[in-house]
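Notes follow once the structure below has been shown.
Throughout, protein chains are lettered first and strands after them, A, B, ... in sequence-line order, and every chain is numbered starting at 1.
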Amino acid sequence: MRAKEILNDILFPALKKAATKLSVPFVGPLPPLAFEIPKNEEHGDYASNIALIMASKLKRPPREVAKLILDSMDDSSFIKEVTIAGPGFINFLLKESFWFDQLKRVHNQGADFGKIDLGKGANVQIEFVSANPTGPLHIGHGRGAALGDSLASILSFAGFRVTKEYYLNDVGNQMMTLGRSVLYRYKELLQLPVEFPDNHYRGDYIYDVAREAISRWNDKYLDCDEHEVIPVFSQLAQEMILAGIKHDLDDFSVNFDTWFSEKKLIEAGEVEKTIAELKKKNFLYEQDGALWFAATKFDDEKDRVVVRSNGQKTYFASDIAYHKNKFSRNFDQVINIWGADHHGYVPRVKAMVKALGYEPERLRVLLVQLVSLLREGKLVSMSTRQAEFVTLREVLDEVGSDATRYILLTRRPDAPLEFDLELAKKQSDENPVYYIQYAHARLCSILRIAQERGFDINRLNHADPGLLTMPEEISLIKKISHFPDVVEGSAVSLEPHRITIFLQDVVSTFHRYYHSGKLVDEKRVLTENEDLSRARLCLVEGLRLTIKNALTLLGVSAPERM
RNA sequence: GCGCCUGUAGCUCAGCUGGAUAGAGCAACGGACUUCUAAUCCGUAGGUCGCCCGUUCGAAUCGGGCCAGGCGUGCCA
């Protein structure tokens, strides 16, 4: 059992007892219990503010309420001390034996340590990246990729059944523009005079596609009608670009369960069908020759076009069908990760979900703020069409996948992020990620040497953790025991960066502990005392497992040597 | 104009959904390796939590109003 669950079982009955004991009639539900881990260790392992919250309702001073609750509390074999402190906090100090059991739990669970059953098997879909196949991924896509992939890992760890999906916008105007861009480069490479239009894709990768076209078909398409060539070139470009995207994602340790094609959605007639459904529900109307969705009925600020007056369907039309499709696949929760520049799109999608008859809460849209990339202290503008962007590939080659993921995941998604290429490169051996990885390598090193000295490192859970008496050791056990709580918080708030904060904290405590052993022999993990060494190795392995599991959730490797 | 996001140390950012004395990394300065990895550790310095009201036992956190920056505000995607 986790500490919070135990405390809940102790405090809740006491609270009920205290409430009935009071002469002042108290009606209404008891406030939900919350335990916080005090910043100051003198305030115990956990603190509850319940007395402070109840005080005003009961019209009694907080400390008096706290006293009453404390007096109603049953004895517990887990608790060392309960005190009332400050304005009326109830502080709990748990017995060392409890924490020692927690350490054993880490060993017993191994790679599963940190798993919780928050999701209870509910189906969640996360759709992310979904970049148009019109050019390579840039660093902004990388942020969405790292976030989505890590979130998926965290949610699976938290007991959800997760599906990762990439929505492919493989039809529409931009695909024609792509094909035409290739055509211009094709002609150019075949020595025809061309003037490349402004609003087309100028990146070098278009030349690659054009070259491929030449090697496949030579000048066969030179005299063809544009309407004939463009789809062919567009198709080729898409295939090549998509292959590149998949390759980049692969090197970034990001993979998807499903790739969902907009084109197939349309070909299956789902867009038509969904439009018909909304029409039947009277949420669509015609005006100025176009077909409109009455989004304002569902709190959007204006109505939105679904079919343009020229007969073409909008991107939004596909999106309605796509979301309908998502919910028809029985996902309890659908999470969309979008760039913040799409935030204006959220209300209309929520509106459409409501119109389709689904609870809008089942859709959560995560907006990840833009990444501003600095090169030599100067802002690099990001435009796919102008080809002024730094690709994810370049960043991966220069900085590496681990460091890139870690940097992108350390920040809250809704805060803009500054990614300084030179800094990330220059600091590559001072980078925060190495601080974490180094700790893991150190721990592995200790275990390696222990093994050389004859310790059976596979049977460390038979050690006696009771021999661990250094405050740093107790503190480390407590910290790693909190990992499941961190996973929970991270899953509830959909914030992977909490894992990085946790790691930072645990690892710095470990480094300090380790270092104390360099100064005083008795504080080394491997000492003359074999039983003590075994106990410390037990802690070391517990730490290693925790760090490894946490890094895995982030998609960052845990090297055994550095 | 309206909407969303952001504003915390010189810089980059945390701050556990309202708690007790606001933290970390980098940069600066001064120290620590004969030992399980110095990619580490210890110390010094650095703050009007953008500003003003409000809510209450208690606010960086919640609400309102300003100020500043970013993004959005298409029958584009």
Side-chain angles (χ1 to χ4, degrees), chain A residues 34 36-40 42-43 47 49 52-53 55-56 61-63 85-89 91 132 134 169 172-175 177 199 287-292 301-302 304-310 312-316 318-319 339-347 367 369-370 372 407 410-420 423 427-435 437-439 441-450 453 482 485-486 489-490 492-493 495 497-498 500-502 504-505 508 510-519 521 524-527 533 536-537 540 561-562:
Chain A
E36 62 155 22
I37 300 162
K39 275 177 270 184
N40 189 338
E42 287 169 24
H43 294 148
N49 61 354
L52 290 158
I53 294 170
S56 60
R63 289 189 69 109
F89 290 104
N91 293 342
N132 294 345
T134 53
N169 297 116
N173 286 333
Q174 89 270 5
M175 285 302 121
T177 306
N199 54 351
Q287 189 181 302
D288 305 328
L291 189 65
W292 296 72
E301 56 182 9
K302 46 174 120 167
R304 308 292 176 177
V305 172
V306 174
V307 182
R308 298 201 284 267
S309 51
N310 65 6
Q312 279 187 347
K313 294 182 191 67
T314 59
Y315 175 90
F316 183 54
S318 294
D319 248 6
D341 52 340
H342 286 65
H343 75 255
Y345 208 71
V346 177
L367 297 170
Q369 288 292 324
L370 300 183
S372 32
I407 289 171
T410 316
R411 272 75 161 186
R412 266 164 52 238
D414 55 1
L417 186 153
E418 202 170 276
F419 196 106
D420 189 321
L423 212 66
Q427 289 184 344
S428 63
D429 39 353
E430 296 168 27
N431 206 298
V433 70
Y434 296 105
Y435 184 75
Q437 291 182 320
Y438 185 59
R442 263 187 163 172
L443 290 159
C444 288
S445 172
I446 296 172
L447 291 164
R448 250 192 328 264
I449 287 163
R453 295 190 191 169
H482 293 146
D485 297 333
V486 175
S490 192
V492 169
S493 61
E495 291 178 346
H497 78 278
R498 294 189 186 206
T500 69
I501 310 285
F502 167 77
Q504 183 75 31
D505 182 34
S508 84
F510 164 67
H511 279 311
R512 197 180 313 125
Y513 168 63
Y514 178 89
H515 194 262
S516 69
K518 297 184 83 82
L519 306 175
D521 275 354
R524 295 162 70 84
V525 173
L526 302 173
T527 64
S533 300
R536 286 181 175 164
L537 284 168
V540 163
R561 295 170 196 269
M562 283 175 80

Check: Contact class for A:Leu417 (heavy atom, under 4.0 Å): base, sugar-phosphate, or nothing?
Finding: sugar-phosphate
Checklist line | Length of the OH-P vector between A:Tyr514 and B:U35, whole Å | finding: 10 Å
Margin query: Contact between A:Pro87 and A:Leu52 at the side-chain level, heavy atoms closer than 4.5 Å - yes or no?
Written below: yes
Item checked: Any A:Asp414 side-chain heavy atom under 4.5 Å of A:Leu367 side chain -> no
Note to self: Need one value for A:Tyr435: base, sugar-phosphate or nothing, where a base atom within 4.0 Å counts as base even if backbone is also close, heavy atoms only.
What the structure shows: sugar-phosphate
Next item on the list: Using a 4.0 Å heavy-atom cut-off across all strands, classify A:Asp288 as base, sugar-phosphate, or nothing.
Entry: base
Check: Looking only at atom P, what distance separates B:G31 and B:U48, rounded to whole Å?
Finding: 30 Å
Check: Within the structure shown, what part of the strands sits under 4.0 Å from A:Ala290 by heavy-atom distance: base, sugar-phosphate, or nothing?
Finding: base
Check: If you find the nucleotide of RNA chain B closest to A:Leu52 and the one closest to A:Trp292, which residue's nucleotide is nearer the 5' end?
Finding: A:Leu52
Margin query: Between the base of B:C75 and the side chain of A:Ser309, is there a donor and acceptor pair under 3.5 angstrom?
Written below: yes
Check: If we take the C1' atom in both B:A24 and B:G15, what is their distance in whole Å?
Finding: 10 Å
Margin query: Please give me the minimum heavy-atom distance between A:Ile446 and A:Val525, naming the atom from each residue.
Written below: CG2-CG1, 3.9 Å
Next item on the list: Return the value, rounded to whole Å, for the distance between atom CG of A:Leu443 and atom C1' of B:A39.
Entry: 14 Å
Notebook entry, point to check: Taking all atoms of both residues into account, what is the closest heavy-atom pair of A:Met175 and A:Asn169, and its distance?
Noted result: CE-O, 3.5 Å
Next item on the list: Starting at atom NZ of A:Lys39, determine the distance to atom C1' of B:A22, rounded to an integer number of angstrom.
Entry: 6 Å
Notebook entry, point to check: Is the shortest side-chain N/O distance from A:Arg411 to OP1 or OP2 of B:U6 below 4.0 Å?
Noted result: no
Check: Considering only the P atoms, how many Å lie between B:G46 and B:C4, rounded to the nearest integer?
Finding: 39 Å
Next item on the list: Give A:Gly172 one of three labels, base, sugar-phosphate or nothing, depending on what nucleic acid heavy atoms sit under 4.0 Å from its own.
Entry: nothing
Item checked: Nearest-Å distance once atom P is located in both B:U44 and B:A39 -> 24 Å
Check: Across the strands shown, which category fits A:His343 at heavy-atom distances under 4.0 angstrom: base, sugar-phosphate, nothing?
Finding: base
Check: Which whole-number value in Å describes the distance from A:Leu367 CG to B:U6 C1'?
Finding: 13 Å
Checklist line | Nearest heavy-atom neighbours spanning A:Val486 and A:Arg498 | finding: CG1-O, 3.8 Å
Margin query: Mind checking if A:Ser493 touches a base, just sugar-phosphate, or nothing, with heavy atoms under 4.0 Å?
Written below: base
Item checked: A:Glu42 atom CD, over 12 foreign heavy atoms within 6.0 Å -> no
Notebook entry, point to check: Which whole-number value in Å describes the distance from A:Asn49 CG to B:A59 P?
Noted result: 15 Å
Next item on the list: Would you classify A:Arg524 as touching base, sugar-phosphate or nothing, given that sugar-phosphate means primed atoms plus P, OP1 and OP2, and contacts are heavy atoms under 4.0 Å?
Entry: base
Next item on the list: Tell me whether the OP1 or OP2 atom of B:C36 has a side-chain N or O from A:Arg453 closer than 4.0 Å.
Entry: no
Checklist line | Conformer about C1'-N of B:U37 - syn within 90° of 0, anti elsewhere | finding: anti
Margin query: Give me the distance, rounded to whole Å, that separates B:A77 from B:G65 when you measure between the P atoms they each carry.
Written below: 35 Å
Check: How close or far is atom P of B:G25 from atom NE2 of A:His511, stated in whole angstroms?
Finding: 11 Å
Margin query: B:A39, OP1 or OP2 - any side-chain N/O from A:Arg561 closer than 4.0 Å?
Written below: no
Item checked: hbond_proxy A:Asn91 side chain to B:A20 base (donor-acceptor, 3.5 Å cutoff) -> yes
Notebook entry, point to check: With respect to the phosphate group of B:A14, does any side-chain polar atom (N or O) of A:Arg412 fall under 4.0 Å of OP1 or OP2?
Noted result: yes
Check: According to a strict under-4.0 Å criterion, is A:Arg308 in side-chain N/O contact with OP1 or OP2 of B:G74?
Finding: no
Margin query: Students often get this wrong, so: under 4.0 angstrom with heavy atoms, is A:His497 touching a base, only sugar-phosphate, or nothing?
Written below: sugar-phosphate
Check: On a plain distance test, is the side chain of A:Asp341 in donor-acceptor contact with the base of B:G72 below 3.5 Å?
Finding: no
Note to self: Looking only at the side chain of A:Tyr438 (C-beta and beyond, no hydrogens), which of the listed nucleotides B:G19, B:U73, B:A38 gets closest?
What the structure shows: B:A38
Check: Angle class for the A:Tyr345/A:Phe316 ring planes (parallel below 30°, perpendicular above 60°, tilted otherwise)?
Finding: perpendicular
Check: Taking CD from A:Gln369 and P from B:G69, how many angstroms apart are they, rounded to a whole number?
Finding: 17 Å
Next item on the list: List the atom of A:Glu418, the atom of A:Arg411, and the distance in Å for their closest heavy-atom pair.
Entry: O-NH2, 4.5 Å
Next item on the list: Would you kindly compare A:Ile449 and A:Tyr345 by the position of their nearest RNA chain B nucleotide and give the one closer to the 5′ end?
Entry: A:Ile449
Check: Does B:C75 have OP1 or OP2 sitting under 4.0 Å from an N or O in the side chain of A:Lys313?
Finding: no
Next item on the list: Give A:Ile501 one of three labels, base, sugar-phosphate or nothing, depending on what nucleic acid heavy atoms sit under 4.0 Å from its own.
Entry: sugar-phosphate
Margin query: Considering every strand and a 4.0 Å limit on heavy-atom distances, what is the contact class for A:Arg304: base, sugar-phosphate, or nothing?
Written below: nothing
Notebook entry, point to check: Among the nucleotides B:A20, B:C71, B:U40, which one has an atom lying closest to any side-chain atom of A:His43?
Noted result: B:A20
Item checked: Which nucleotides of RNA chain B pair, in dot-bracket form (Watson-Crick or G-U under 3.5 Å, | meaning another strand) -> (((((((..((((.....[...)))).(((((.......))))).....(((((..]....))))))))))))....
Checklist line | Under 4.0 angstrom between A:Lys518 side-chain N/O and B:C36 OP1 or OP2 | finding: no
Note to self: Counting the atoms with a prime plus P, OP1 and OP2 as sugar-phosphate, which does A:Pro87 contact under 4.0 Å by heavy atoms, base, sugar-phosphate, or nothing?
What the structure shows: base
Notebook entry, point to check: Base, sugar-phosphate alone, or nothing: which one does A:Asp414 contact when heavy atoms must sit under 4.0 Å apart?
Noted result: sugar-phosphate
Next item on the list: Check every strand shown and say whether A:Asp521 touches a base, only sugar-phosphate, or nothing at a heavy-atom separation below 4.0 Å.
Entry: base
Notebook entry, point to check: Roughly how many Å is it from CZ in A:Arg498 to P in B:U17, rounded to a whole number?
Noted result: 7 Å
